[in-house]
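Counting starts at 1 for both ligands and their atoms, following the listed order. Since the structure is predicted, the reported quantities are computational estimates derived from the model, not experimental observations.
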Amino acid sequence: MRVFKKNLLVWIFFGILIPSRRSLWGRRYSLLGRFSFPHIRELADLTLEFKILAFCLLSTSLLQPYNIPQTTFIMEDGSAIERPHSVAVDVPDGLQQPHHTRTFSTGSNSGFIDPFSEPSQYYGPATDIARASTRSKIGRTRTLSAVENRFNRPIVHEDDAFSKVHLQRRGSNDSLVNRRFFISDIDETLRDLLKNEDSDSNCQITIEDTGPKVLRVGTANSNGYRQTDIRGTYMLSNLLQELTIAKRFGRNQMVLDEARLNENPVKRLRRLISHSFWKNLTRQVGSGNVAEIAQDTKIDTPDGRIPRIYVPHDDPEQYEFYLEIARKNEAVGGARLDVRYLSKVIDPEYVKSINGTPGLLALATHKVPDGKGGITLEGYPYVVPGGRFNELYGWDSYMMALGLLKDGMLDLARGMVENFIYEIRHYGMILNANRSYYLGRSQPPFLTDFGIMVYEAMVEHAHQNEEDTEKSLQDAEYFLRRTFCAAICEYKTVWCCEPRLDKTTGLSSYHPQGVGIPPETESTHFTTLLTPYAKKHGVSIEEFYELYNNHTIVEPELDEYFLHDRAVRESGHDTSYRLEGICASLATVDLNALLYKYEVDIAKIIKEHFNDELVTENSVEHSAEWKKRAELRKERMDKYLWNEEEGIYFDYNLKLKKQHRYESVTTFWPMWAGCSSPEQAQLMVDKSLSKFEEFGGLVAGTLASRGNVGLERPSRQWDYPYGWAPQQILAWVGLDKYGFRGHTKRLCYRWLYLMTKAFVDYNGIVVEKYDVTTGTSPHKVDAEYGNQGADFKGVATEGFGWVNASFILGLTYLDVQGIRAIGAVTSPDVFFRKLKPWERASYGLRPCNEIVKSN
Ligand SMILES: OC[C@H]1O[C@H](O[C@H]2O[C@H](CO)[C@@H](O)[C@H](O)[C@H]2O)[C@H](O)[C@@H](O)[C@@H]1O
Ligand SMILES: [Ca+2]
């Protein structure tokens, strides 16, 4: 207030005591202007209008301290309060991060930017030194207090430690609190950093590098004049990542907050997923990018490299749309977009016939304004599993949606369901992925649960959107109807008819139709298998591929092998010794659990939303039939798959008519689906859980079941010792559903610890699957495909879709203590050992003497 009064007096002095001698129009009305002190006369010569304008502008800026932007905090009871966001205040307990409310929006000249803002903001024009009028404004260190614990998306779980806002008091010493560095030459710093620290030259800074682990950089307060140290693998690797990102934003200088380098790793990973990873995994086909998306990284042949799109025979609108794009657009990678109609009949021979000219399969589009007064088509957005993919996958999409919805990304989750509805209608099933060589092959079905989840989010969103609630609710109901009609069609025409349905048991198997060798696998994947056949026929491997695929060479044994191989890929568990050479003849526990979930979901939705009568294109459905189907399936699963003695579900070998005794973590899927009895669930926890629980979470299958591996029998990625995100997620949800929250928490701790450990030690890495038996470089998986996502330069920009989602979901099961311990990278052994006796139960541990699996 004192400042304000002082300035007001100054302006009264200028404005009134020394008024202008003339206005813009030359009128003289000065009272004191006739006094002839030289400086005063000069001031008085300014026109009155100019002074009024200057007065208004300056007083607005002087008043600014009293017009502090407010931050809305949501209280636990749902009420909202406002607090100035740039002052240290005592914050009541229970304040939560505001939904969609950004704290610390900063004016471009304020000199302060949220250290945890999104890269586009942090490295955007507002912080660009080259564009700033004075360097000191951007470089200046401000000790604003509440700079921690923020995400710009809602964090919905009450246990989420980061949903609490902790405002800190202003530190007394600027050089120790919120330090900022001034990087005057990003290229040079990158060169120095990599030269000194990246001793194994892989463009990543990890615990395996043997550099000095220290780099000197300039401080922002001194404009780079004084220097300080950045130390340790984690901070140096974060520096490498930030420099790389800044460079990609076209920057060569920057001011960097230390807080961005030494941020709690759990917070950093959670923030990266929300701010960057989802964005970088999102695809949306439009006129500008379809050729790029259509290009295939898996088929490396001249014809495979041509960007190509196949459109269903009965979708001329899309065909014309893409044709027009092809006419107008530049060639991509030397080739123009090739647009083709798919045949009306899509059978195995047809699919094989287009293997040489692979292409993207068109997905759902909707009409949008083209910005020139007309209408154009636009695809629904979707999220791909990893950075190397451009196509929409089946079960990955569902798993990712679990995380996307927690991050408020409803449009992406809905977009994927819309695309599935389109796939069922035009390609007859939800495809493994939308590439021509995946026609005829599906993946584990999750559509009903996916649809319900998106529907519920749509309803919630509709209620928040007060203006259009009614219309949005109708849209949600219509979406639910279309999804369930599609799911019923999929259930009947894909999973519960031949060849996937086994009439004797009434159970289903993965059994896609197809002929020939799957073209999308790594080029050497089948070499060991095919070498003896090539030798037998006296041809090279390449020639054998050709001759076998065009039926010149006939090998029934191989036909059988590839039938099962395609089934393994349809199961999503490609590949595993559990399924190799037998998959299409197994009624698997995973598939039947998922179909049980379809049946109960369909029954429930028909009853609750459609007045117990849902009219589809081909049938009228009632809940009773679906309930009956679910009951029957449960009986059959109990009869054929359940093993009471061992407390486990096994797959059933339809040929040999006996259980296939490979211990697989899919035994927990019936708990996810809700088709185990409480007694079965208890038995599984008592007898089976420990067989799969390893240091870093659940392993795909047991060592005993996998057997020995070596040169002749290579490791398979869906076997021991690897753990996969979808397996963790389904078991967490299943255990929790049956009241075993402690076990869920413990398993979450293990998995999230493993992810965080690899993230900290290995340059921010998040990979497709982990070796869950070790805490030392768990991301190193030397089995099969190159999907892993470990080969980035400088910075990991996408993580891996379902692993990202598992991190988000896992955090919602943990408590603050667990999240903090993971943030401090506390090994599960230590964390569980140090729990107080009364805390152990909440992690599903007995009060004492529990043997904790160690690394
Ligand atoms: O190209 C090799 C195989 O790649 C896919 O399988 C693996 O990645 C998928 C995407 O993350 C995932 O859904 C699957 O479970 C993984 O095993 C593809 O699905 C296979 O068909 C393909 O042969
Ligand atoms: Ca390195």
Run the ring-centre check on W672 versus F446 and record whether the distance is less than 6.0 Å. yes
Considering distance alone, does some N or O of R441 sit under 3.5 Å from an N or O of ligand 1? yes
Of all the N, O or S atoms in D198, which has the shortest distance to the Ca ion (ligand 2)? OD1
Any N/O/S atom of E197 sitting less than 3.0 Å from the Ca ion (ligand 2), backbone or side chain? no
State the atoms of ligand 1, each with its element, that fall below the 4.0 Å cut-off from a heavy-atom position in N432. 18 (C), 19 (O), 20 (C), 21 (O)
Considering distance alone, does some N or O of K298 sit under 3.5 Å from an N or O of ligand 1? yes
Here the pair of heavy atoms bringing Y422 nearest to P312 is OH-CG, 3.4 Å
Hey, which of Y596, Y510, W669 is the one that makes side chain to side chain contact (heavy atoms under 4.5 Å, CB included) with L591? Y510
Please could you name the atoms of ligand 1 that E520 approaches to less than 4.0 Å, counting only its heavy atoms? 1 (O), 21 (O), 22 (C), 23 (O)
Can you tell which part of Q717 has a heavy atom less than 4.0 Å from ligand 1: side chain, backbone, both or neither? side chain
In this structure, CH2 of W724 is separated from NZ of K769 (nearest 0.5 Å) by 4.0 Å
Would W718 count as a polar contact of ligand 1, with the cut-off being nitrogen or oxygen pairs under 3.5 Å? yes
What's the OD1-the Ca ion (ligand 2)-O angle here (N202, Q204), rounded to 10 degrees? 80°
Between the Ca ion (ligand 2) and D200, which N, O or S atom of the residue is the nearest one? OD1
For Y438, take its heavy atoms, then give the atoms of ligand 1 lying under 4.0 Å from any of them. 18 (C), 21 (O), 22 (C)
